[in-house]
Amino acid sequence: MPNHPNLGSPHHPIFQWKLFQSFMRQNRELHCSNALNTPKQTKSSREASSPFAELLTRRRGCTMADRSLTETLSEWNDLQKGNEGLQQVFQKYLDDLQTTSYKQSEISSNIARQHRHLADLAKSLRKCEHTPEAVALRIQIQQRDNELREMEGFLPKPSGKYLSLVLGNLNVTLFSKQAKFSYKVEYENFKLYLTCTCFLLTLALRLWNSYKTIDTLLNFLLVWYYCTLTIRESILVLNGSRIKGWWVTHHYISTFLTGVMLTWPDSIMYQKFRLQYLDFCIYLSLVQFLQYYYQSGSLYRLRALGQRRSLDITVEGFQSWMWRGLTFLLPVLFFGHFWQLYNAITLYEMACECGWQEWQVPVQSFTYLLLFVGNFSTTLRVLLQKLREKRQKIS
Ligand code: COA
């Protein structure tokens, strides 16, 4: 054809159009054969090798990697099968939950009955003579009571008034030893992070700044911190921690104390006490660092004691570690307690000096005195209790 000398060339538009049409025909056939379960690789490999593959996929409005309807359907069927399995497992899980909840209430009422029975037995035993049998029975009753309390640690309990008020009607019982341990570790870490933050802020205030606004920020942080501690400690106590009641009360009182500090206006009296207060806060942060070291060490050692059968940390090993820790910690703690007494005396003198005009001064003086008495006496009590236990173990 003279008008179309290059018609046979692969670059000629008419040649390309014909090639495209033939490709489309092939593709339609391919699609039909795919619907009749033609192997998938054949189609994709043919499409990929085709010169018009890209053009075609663009026309379809999708990418090379997209699946055909058949593929999607077959995957959907697989998913359906998987989902049936999941539904069955989930149903079983719901049934188990119901059974567990039923068992929990059954065991709880059984334990309550046994507690009452043991209390009756202990009461009648008190009226009996102090024979060796009676003493042995009393010890057994005490042991059984302890076992029941341990069981209660793994059952849901009412949260108590304070937690219900703060968190609402929420179950905060932790059911495994691992969960209890993790919560305690997290509590100690939380105290450490906040102690670091407060330490840096207090140091900055002590060295460079005397703005009341920044002081307020520190006191606000402390109020929030102590408040949070009371919540976390109530959860710990509910989950079987042996924290003495005073340490929790001590944090309620500290919340109150820092709250009063927050409301103290920037007066002459405030400025007079400010540096002593900041120094005390810095010292308290250092005490808390040491407490963290002692408490977390004790936590990990006790866990190792409770979990390993071939104990590589012996009870004696733990005891000697504990006494070494206490020998280092106790002087620092007692110094802190006497600093609290010193704060109480300073504030009392200031209250007399200003004619009791600023209510924050006497209130804080009394609160520091309360903290000194509570902290000092409780620490002494803990120390005496530990010494008594040590003597009992030796004899
Ligand atoms: N705050 C929070 N929890 C405390 C605590 C405290 N001050 N003191 C003890 N606990 C916890 C322990 O972690 C342990 O918890 P667990 O049952 O969940 O394992 C439980 O109470 C029993 O501890 P215990 O054996 O009585 O004492 P300990 O050997 O752990 O600690 C002291 C003894 C004296 C070091 C510790 O009570 C302490 O640091 N007290 C001083 C606090 C103080 O005075 N602060 C103000 C400083 S100015």
Side-chain angles (χ1 to χ4, degrees), residues 146 149-150 153 174 177-192 194-195 198-199 222 225-226 228-255 257-258 277 279-307 315 318-344 367-390:
N146 290 346
R149 282 186 202 290
E150 212 163 294
L174 302 166
K177 280 191 177 171
Q178 174 58 37
K180 287 176 204 277
F181 173 77
S182 306
Y183 192 75
K184 181 82 196 233
V185 170
E186 220 250 295
Y187 160 79
E188 292 297 340
N189 288 343
F190 171 77
K191 284 209 289 190
L192 180 70
L194 262 291
T195 300
C198 290
F199 174 73
L222 284 173
Y225 169 56
Y226 287 127
T228 314
L229 282 191
T230 61
I231 298 170
R232 285 178 180 247
E233 280 161 3
S234 303
I235 295 175
L236 281 171
V237 170
L238 196 84
N239 283 288
S241 173
R242 301 157 298 132
I243 303 177
K244 299 260 175 316
W246 169 257
W247 301 130
V248 185
T249 312
H250 159 253
H251 288 138
Y252 284 107
I253 298 173
S254 301
T255 313
L257 184 66
T258 39
Y277 172 70
D279 288 342
F280 177 69
C281 286
I282 291 172
Y283 184 76
L284 208 58
S285 301
L286 295 174
V287 172
Q288 280 167 357
F289 283 133
L290 294 178
Q291 275 181 309
Y292 170 81
Y293 174 74
Y294 173 81
Q295 290 294 351
S296 58
S298 148
L299 190 62
Y300 279 100
R301 278 170 179 81
L302 281 176
R303 183 178 151 89
L305 275 176
Q307 279 200 345
V315 177
F318 173 72
Q319 288 287 326
S320 78
W321 178 87
M322 185 188 81
W323 283 108
R324 254 183 292 130
L326 283 178
T327 317
F328 188 66
L329 188 59
L330 284 173
V332 182
L333 284 174
F334 286 137
F335 187 80
H337 298 161
F338 279 96
W339 197 330
Q340 285 173 330
L341 180 64
Y342 175 59
N343 282 348
T367 316
Y368 273 116
L369 185 67
L370 192 65
L371 282 180
F372 162 71
V373 174
N375 286 343
F376 188 62
S377 60
T378 313
T379 309
L380 274 185
R381 195 154 54 89
V382 171
L383 186 64
L384 291 177
Q385 188 186 328
K386 285 184 187 292
L387 282 171
R388 217 178 303 127
E389 282 168 12
K390 191 182 173 188

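Order of listing sets the numbers, starting from 1, for every ligand and every atom in it.
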### Task
Please assess L330 against L333 for the test side chain to side chain contact (heavy atoms under 4.5 Å, CB included), listing each intermediate value before the final yes or no.
CA-CA 5 Å; L330 284 173; L333 284 174; 4.1 Å; yes

Under a heavy-atom criterion of less than 4.0 Å, does [X] contact ligand 1?
X	result
L371	no
L236	no
Q288	no
K386	yes

#### Entry: Y226 and L194, any side-chain heavy atoms less than 4.5 Å apart
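Contact flag for L194/Y226 side chains = no.
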
### Query
Quick one: are T255 and Y225 in side-chain contact, heavy atoms under 4.5 Å?
no

### Query
Counting only heavy atoms on the protein side, is anything nearer than 4.0 Å to atom 26 (O) of ligand 1?
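There is a protein heavy atom less than 4.0 Å from atom 26 (O) of ligand 1.
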
Ligand 1 contact on [X] by region, counting heavy-atom pairs under 4.0 Å:
X	answer
K184	side chain
T378	neither
F335	neither

### Message
I'd like to know whether Q385 forms a side chain to side chain contact (heavy atoms under 4.5 Å, CB included) with K244, so could you lay out the CA-CA distance, the side-chain angles of the two residues, the decisive distance to 0.1 Å, and finally the verdict.
### Response
CA-CA 12 Å; Q385 188 186 328; K244 299 260 175 316; 3.6 Å; yes

### Query
In terms of ring plane angle, is the pair W339 and Y283 parallel, tilted or perpendicular, where the classes change at 30° and 60°?
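W339 vs Y283 ring planes: tilted.
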
### Query
Quick one: are the ring centres of Y300 and F181 less than 6.0 Å apart?
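Centroid distance Y300-F181: below 6.0 Å, so yes.
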
### Query
Could you give all pairs that pass the salt bridge (Lys or Arg N to Asp or Glu O under 4.0 Å) test and reach residues 279-293, with sequence neighbours left out?
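Salt bridge (Lys or Arg N to Asp or Glu O under 4.0 Å) check on residues 279-293 returns R206-D279.
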
Enumerate, atom names and distances included, each donor-acceptor pair closer than 3.5 Å involving a side-chain atom of residues 368-384, sequence neighbours excluded.
| from | atom 1 | to | atom 2 | distance (Å) |
| --- | --- | --- | --- | --- |
| N375 | OD1 | W246 | NE1 | 2.8 |
| N375 | ND2 | Q340 | OE1 | 3.1 |
| N375 | ND2 | L371 | O | 3.4 |
| S377 | OG | V373 | O | 2.7 |
| S377 | OG | G374 | O | 3.3 |
| T378 | OG1 | G374 | O | 2.5 |
| T379 | OG1 | N375 | O | 2.7 |

Look at atom [atom1] of [X] and say whether more than 12 heavy atoms of other residues, nucleotides or ligands are closer to it than 6.0 Å.
X	atom1	answer
F334	CZ	yes
F190	CZ	yes
Y293	OH	no

Of the protein's non-hydrogen atoms, which lies at the shortest distance from [atom], and what is that distance?
atom	value
atom 11 (C) of ligand 1	I243 CG1, 3.7 Å
atom 9 (C) of ligand 1	Q295 NE2, 3.6 Å
atom 34 (C) of ligand 1	T379 CG2, 4.0 Å
atom 38 (C) of ligand 1	Q291 NE2, 3.6 Å
atom 17 (O) of ligand 1	R242 N, 2.8 Å
atom 18 (O) of ligand 1	S241 OG, 2.7 Å
atom 48 (S) of ligand 1	L284 CD1, 3.6 Å
atom 46 (C) of ligand 1	N375 ND2, 3.8 Å

### Query
K386 and L326: side chain to side chain contact (heavy atoms under 4.5 Å, CB included), yes or no, with the steps?
CA-CA 11 Å; K386 285 184 187 292; L326 283 178; 3.7 Å; yes

### Message
Applying side chain to side chain contact (heavy atoms under 4.5 Å, CB included) to R301 and W321, what does each step give before you reach the verdict?
### Response
CA-CA 9 Å; R301 278 170 179 81; W321 178 87; 3.3 Å; yes

Within a distance under 4.0 Å of any heavy atom of [X], pick out the atoms of ligand 1 and give their elements.
X	value
K244	26 (O)
L329	35 (C)
Y187	2 (C)

### Query
Do S182 and E186 get their side chains close enough for a donor-acceptor pair, meaning under 3.5 Å?
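No donor-acceptor contact under 3.5 Å links the two side chains.
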
### Nearest-option assignment for atom 7 (N) of ligand 1, heavy atoms, candidates F376, W247, F334
W247

### Query
Of the choices V248, V332, L326, which has the non-hydrogen atom that lies closest to atom 32 (C) of ligand 1?
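Selected option, by shortest heavy-atom distance: L326.
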
Under 3.5 Å: N/O of [X] near N/O of ligand 1:
X	result
Y294	yes
H337	yes
E188	no

